[in-house]
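Residue numbers begin at 1 in each chain, while the letters A, B, ... track the order of the sequences.
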Amino acid sequence: MAEKELRRNLAVLPIGTIRELTDLTDRQIRYYEEQHLIMPQRTASNRRMFSLNDVDRLLEIKDYLDAGDSIADIQAIYSKKAAKQREPDLSAHEMRQALASEFINLAGFSVNKKRKGY
DNA sequence: ATTCTTACA
DNA sequence: TGTAAGCA
């Protein structure tokens, strides 16, 4: 199911298609990119190329805007979302550490934490 | 024909 | 945000 995500992130749509798919003007689309709400890829000739996920994100942005959120609000929303996606790695590691020490305690073992190899 | 950047009666 | 100008 990772292959599907790959295709969803393939940037193959020119701005003209995005304009029709989202009912946004190219002016707005370029402005949102300037505000880092989206970061479409560029072709060798400097043309913006969007993915299906970009389309979803633009529709989402449009909803937030209609809901009264400001550009800054949306930037904050995506910033925190990006931060929480990089965090699970740490808690997974901490989880292993916690389980390991608890298991050691339950087993009645005593471990010298300063010893090499651990 | 399309898209890009820059600028503003 | 819209729109015009001059490029690519």
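- Between A/Glu33 and A/Pro40 there is a side-chain heavy-atom pair separated by less than 4.5 Å.
- Side chains of A/Thr22 and A/Gln28 form no contact here, defined as non-hydrogen atoms less than 4.5 Å apart.
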Give the intermediate values and the outcome of side chain to side chain contact (heavy atoms under 4.5 Å, CB included) for residues A/Arg42 and A/Arg47.
CA-CA 5 Å; A/Arg42 293 297 185 112; A/Arg47 255 117 198 167; over 6 Å; no
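- Residues from residues 53-76 of chain A lying near DNA chain C, meaning a heavy-atom separation below 4.0 Å, are absent.
- When hydrophobic side chains of Ile, Leu, Val, Met, Phe, Trp and Tyr are connected at separations under 4.5 Å, A/Ile15 ends up clustered with A/Leu10, A/Val12, A/Leu13, A/Ile18, A/Leu21, A/Leu24, A/Ile29, A/Tyr31, A/Tyr32, A/Leu37, A/Ile38, A/Phe50, A/Leu52, A/Val55, A/Leu58, A/Leu59, A/Ile61, A/Tyr64, A/Leu65, A/Ile71, A/Ile74, A/Ile77, A/Tyr78.
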Please convert DNA chain B into dot-bracket. A pair counts if it is Watson-Crick or G-U wobble with both distances under 3.5 Å; crossing pairs go in [ ] and bases paired with another strand get |.
.|.|||||.
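- Nucleotides of DNA chain B that come within less than 4.0 Å of any heavy atom of chain A span, from the 5' end to the 3' end, B/dT2 to B/dT5.
- For the pair A/Glu34 and A/Arg30, the salt-bridge criterion is not met [side-chain N within less than 4.0 Å of a carboxylate O].
- In this structure, A/Asp54 contributes its side chain and A/Ser51 its backbone to a donor-acceptor pair below 3.5 Å.
- In plain terms, the two heavy atoms of A/Ala11 and A/Met49 that are nearest each other are CB-O, 3.2 Å.
- Distance check: A/His36 NE2 to A/Gln75 CD gives 8.0 Å after rounding to the nearest 0.5 Å.
- Across residues 14-45 of chain A, A/Thr25, A/Arg27, A/Gln28, A/Tyr32 each have a non-hydrogen atom less than 4.0 Å from an atom of DNA chain C (numbered order).
- Enclosure of atom CZ in A/Arg8 is not indicated, since only 12 or fewer non-hydrogen atoms of other residues, nucleotides or ligands lie within 6.0 angstrom.
- Along DNA chain C, the stretch of nucleotides lying under 4.0 Å from any heavy atom of chain A spans, 5' to 3', C/dT1 to C/dA8.
- The distance from atom CE of A/Met1 to atom CD of A/Glu5, rounded to the nearest 0.5 Å, is 9.5 Å.
- Judged by distance alone, the side chain of A/Asp73 and the main-chain N or O of A/Ser70 form a donor-acceptor pair under 3.5 Å.
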